[in-house]
Amino acid sequence: MADEKFEPNILVFCCNWCSYAGADLAGVSRLQMPPHFRVIRTMCSGRVDPEFILHAFSKGIDGVLVAGCHVGDCHYIGGNYRTRRRVPLLKNMLKQFGMDSERLKLDWVSAAEGDKFQKVITEFTEKITELGPSPYRAK
């Protein structure tokens, strides 16, 4: 087993209006990205309940990225303000569970920023690979 290379399992919550379109733009532009992530499209980053994130970690996900519209550009007025307050609280909670808080990341990606989505997901994958498997990952 020591010979096997660690491949992280990353979950990305993307808001429908901006970051999902940014992810799509990165894909249709054929930008090179690591294949170790799965996207869940939500209507708004504010709709990502903290329980969804904690559940993902409890099931062994190595990293969670929440991507939404830039602050002030939310299609639902204040959804990303809510998200901006929640994620730091969740990071503190993760520390209490014995996990590295860097396993959770929040970033803002607009529909026109396919290159930014590619950069964010690549850097996040590198960071999670550096941290290794989640302590809750099944052996």
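Remember, predicted model here, so these are calculated numbers, not experimental data.
- A salt bridge does not link Asp49 with Arg47: every distance from a Lys NZ or Arg NE/NH1/NH2 to an Asp or Glu carboxylate oxygen is 4.0 Å or more.
- Every side chain to side chain donor-acceptor pair (under 3.5 Å) that Ser45 has, sequence neighbours left out, goes to Thr83.
- Taking all atoms of both residues into account, the shortest heavy-atom contact from Met33 to Ala26 is CE-CB, 3.8 Å.
- Remark: Glu126 engages no residue in a side chain to side chain donor-acceptor pair (under 3.5 Å) (not counting sequence neighbours).
- Between Ser101 and Asn92 the shortest side-chain heavy-atom distance does not fall below 4.5 Å.
- For the pair Phe124/Phe37, no side-chain contact is recorded, criterion being any heavy-atom separation below 4.5 Å from C-beta on.
- Judged purely by atom type and a 3.5 angstrom limit, Ser29 has no side-chain atom pairing as donor or acceptor with the backbone of Leu31.
- Under the side chain to side chain donor-acceptor pair (under 3.5 Å) criterion, Asn80 pairs with no residue, sequence neighbours left out.
- Contact of the Arg103 side chain with the Leu131 side chain is registered, since non-hydrogen atoms from C-beta on lie closer than 4.5 Å.
- The local environment of NZ in Lys119 is sparse, with at most 12 non-hydrogen atoms from other residues, nucleotides or ligands closer than 6.0 Å.
- One N or O on the side chain of Asp62 and one on the backbone of Ser134 form a donor-acceptor pair closer than 3.5 Å.
- At least one side-chain heavy atom of Arg86 sits less than 4.5 Å from a side-chain heavy atom of Pro50.
- Ion pairing between a basic and an acidic side chain is recognised when a charged N comes within 4.0 Å of a carboxylate O; Lys127 and Glu123 show no such pairing.
- Considering every non-hydrogen atom in both Gly114 and Leu25, the closest pair reads N-CD2, 3.6 Å.
- Side-chain contact between Cys69 and Tyr76 is absent, with no heavy-atom pair separated by less than 4.5 Å.
- A side-chain donor-acceptor contact under 3.5 Å links Gln118 to the backbone of Gln32.
- Distance check: Lys116 NZ to Ile121 CD1 gives 13.0 Å after rounding to the nearest 0.5 Å.
- Shown here are the side-chain contact (heavy atoms from CB on, under 4.5 Å) partners of Pro88, two or more places apart in sequence or in another chain: there are none.
- Cluster note: Phe52 groups with Leu11, Phe13, Ile40, Val48, Ile53, Leu54, Phe57, Ile61, Val64, Val66, Val71, Tyr81, Val87, Leu90, Met93, Leu94, Phe97, Met99, Leu104, Leu106, Trp108, Tyr136 through ILVMFWY side-chain heavy atoms spaced under 4.5 Å, whether in direct contact or through intervening members.
- In this structure, Phe6 and Pro133 have side chains that are in contact, with non-hydrogen atoms separated by less than 4.5 Å.
- The 12-atom threshold is not exceeded at CD1 of Ile77, counting heavy atoms of other residues, nucleotides or ligands nearer than 6.0 Å.
- Applying the ring-ring contact (aromatic ring centres under 6.0 Å, His included) criterion to His55, with sequence neighbours excluded, gives no partner residue.
- Between the SG atom in Cys18 and the NE2 atom in His70 there is a gap of 7.5 Å [rounded to 0.5 Å].
- Gly79 and Cys74 make their closest contact through N-SG, 3.5 Å (heavy atoms, listed as atom of the first residue, atom of the second, distance).
- Cys44 contributes atom SG, which lies 7.0 Å from atom CZ of Arg82 (distance to the nearest 0.5 angstrom).
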Before giving the answer on side-chain contact (heavy atoms from CB on, under 4.5 Å), spell out for Asn16 and His75 the whole-Å C-alpha distance, their side-chain angles and the decisive distance to 0.1 Å. CA-CA 10 Å; Asn16 181 61; His75 283 69; over 6 Å; no
